[in-house]
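Just below is one structure, and these are the notes that go with it.
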Amino acid sequence: MKKRLLAFTLIAAMGSALLTGCYAGYPAQTTGTAPAAEAAKPANDKLVVGFAQIGQESGWRDGETNDIQWYAAQHTDTIDLVFADAQQKQENQIKAIRNYIEMGVDVIAFPPVVETGWEAVLTECKEAGIPVILVDRGVDESCADLYDTQISSDFIWEGQQAADIVGDLLGGSGKVVELEGTVGASAANERKEGFDGELAEKYPDIEIIASQTGDFTRALGKEVMESFLKSYDDIDAVFAHNDDMALGAIEAIKEAGKKPGEDIKIVGCDGVKGAFEAMVAGEMNGTVECNPCLAEQIFDTAAKLKAGETVDKWIVSNDGVFTQEDAAAELPNRTY
Ligand code: GZL
């Protein structure tokens, strides 16, 4: 039984002029804050998707949000997107998901900010008969039967690619510091697993001398890099679990009087435009792309789930690997 839409932003009501997807430039971030007015659930057979976004912690996250909102605004005849911004708090994501259950949306999609703490709310989704799509992050194995599919990159592969770039840059030996993503996030856990494992297996003479979370943000990435630089004067390379933290590390290295990209090599993940600009400037050495432009896959998959079709448990994004050599040629193609 579908219920009335409670106070939430129906992105479909926004003009497409406000938003552009991963195929063009980006407007200022539109936040999915809950308006006061109550909206009646459309009395039609449009696909209603409730999306509980993590927040706005990185350029990558903004790219994902804009792509989803832009795509929904282009398809107002068939899609209604209900969007909430959880300000990086798991309890806000859970609240939004419970609202979507109350509304009776057709499908719920969200990037779990951390891997644990989802069993209760995912059980409620299952009991309500609402399919769930995990987007760009995963949940603990114990919840494997409580969601329908995960659409995301292969983070272990990303970590391994980053380790190979670092191994090549250092000629197989040196000292590395690691800026980790959000504590407990699958993207952070698995990038670390891939990076540390690849170094141990293929580059035994490269040592990780420090590893600490920068919470996927530029500001904290800079702060942690400042502390690393105070503690160690022999850092040869940084691996940052996302480009935003890598860009923060670049600032810290410059302020410490060293040359990022030369004295200390820098490798990140995501493939945001800023990383390509830094590589063209010679201040960064590589990035492993993590495609945030998942909107078409999300809504196509949601339509299949609404129609009762089964889909693959993991829909893996295809990502590229970029270094300074190909940065200039690739920069014009970057859309987030
Ligand atoms: C990856 C995604 C990560 C990005 C970060 O799929 O979950 O979250 O790498 C973002 O930039 O904060």
Side-chain angles (χ1 to χ4, degrees), residues 22 26 29 51-68 85-90 92-93 109-116 118 133-140 147 149-162 178-195 213-222 224 238-250 266-276 278 284 286-295 297-298 314-322 334-336:
C22 273
Y26 281 113
Q29 167 65 37
F51 193 89
Q53 180 57 293
I54 288 176
Q56 301 171 49
E57 76 283 358
S58 65
W60 186 96
R61 184 67 53 200
D62 288 348
E64 180 184 72
T65 291
N66 288 311
D67 182 52
I68 288 170
D85 175 331
Q87 312 288 318
Q88 272 103 306
K89 291 188 173 59
Q90 181 176 32
N92 290 346
Q93 284 191 296
F110 74 104
V113 62
V114 294
E115 289 187 286
T116 54
W118 302 102
I133 301 173
L134 302 184
V135 176
D136 88 67
R137 290 192 191 174
V139 295
D140 189 78
Y147 66 89
T149 186
Q150 175 177 325
I151 301 175
S152 73
S153 294
D154 179 344
F155 306 123
I156 292 177
W157 175 85
E158 292 175 346
Q160 291 166 336
Q161 299 306 307
E178 196 170 342
L179 292 170
E180 300 176 12
T182 300
V183 175
S186 65
N189 293 340
E190 293 171 23
R191 280 173 185 159
K192 182 166 187 61
E193 180 186 339
F195 182 79
T213 184
D215 200 23
F216 282 134
T217 70
R218 184 169 181 152
L220 195 51
K222 178 181 178 182
V224 172
V238 184
F239 169 48
H241 289 185
N242 79 338
D243 291 337
D244 281 54
M245 293 191 292
L247 296 172
I250 288 169
I266 317 265
V267 177
C269 283
D270 280 351
V272 298
K273 203 177 284 183
F276 284 84
M284 189 165 172
T287 184
V288 182
E289 184 185 39
C290 175
N291 187 356
C293 308
L294 306 173
Q297 283 177 299
I298 292 167
W314 184 22
I315 299 169
V316 191
S317 310
N318 294 319
D319 296 318
V321 180
F322 299 94
R334 307 312 297 172
T335 60
Y336 58 92

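Nothing here was measured: the structure is a model prediction, and the numbers come from that model. Whatever order the structure lists ligands and atoms in, that order sets their numbers, starting from 1.
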Between R191 and E178, is there a side-chain N and carboxylate O pair less than 4.0 Å apart? no
Looking only at N/O atoms, are W60 and ligand 1 under 3.5 Å apart anywhere?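 Among all N and O atoms of W60, none is under 3.5 Å from an N or O of ligand 1.
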Show the atoms of ligand 1 that are less than 4.0 angstrom away from any heavy atom in [X].
| X | value |
| --- | --- |
| S58 | 5 (C), 10 (C), 11 (O), 12 (O) |
| E57 | 8 (O), 10 (C), 12 (O) |
| C290 | 1 (C), 6 (O) |

Kindly determine whether N291 and E289 satisfy side-chain hydrogen bond (donor to acceptor under 3.5 Å, both in side chains), including the steps that lead there. CA-CA 6 Å; N291 187 356; E289 184 185 39; 5.8 Å; no
Taking all atoms of both residues into account, what is the closest heavy-atom pair of W157 and D319, and its distance? CH2-O, 3.4 Å
Between S152 and D136, is the side-chain hydrogen bond (donor to acceptor under 3.5 Å, both in side chains) condition met? List the steps. CA-CA 4 Å; S152 73; D136 88 67; over 6 Å; no
Under-4.0 Å heavy-atom contact with ligand 1, by part of R191 that carries it: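 Only the side chain of R191 comes within reach of ligand 1.
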Examine distances only and state if a side-chain atom of Y336 and a backbone atom of D270 form a donor-acceptor pair shorter than 3.5 Å. yes
List the steps, then state whether side chain to side chain contact (heavy atoms under 4.5 Å, CB included) holds for W118 with V113. CA-CA 10 Å; W118 302 102; V113 62; 4.3 Å; yes
Strictly under 4.0 Å, does any heavy atom of D270 approach an atom of ligand 1? yes
For atom 6 (O) of ligand 1, what is the nearest protein heavy atom, given as residue, atom name and distance?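 Answer for atom 6 (O) of ligand 1: D136 O, 2.8 Å.
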Distance to 0.1 Å, residue and atom name: give those for the protein heavy atom nearest to atom 8 (O) of ligand 1.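 For atom 8 (O) of ligand 1, the nearest protein heavy atom comes out as R137 NH2, 2.8 Å.
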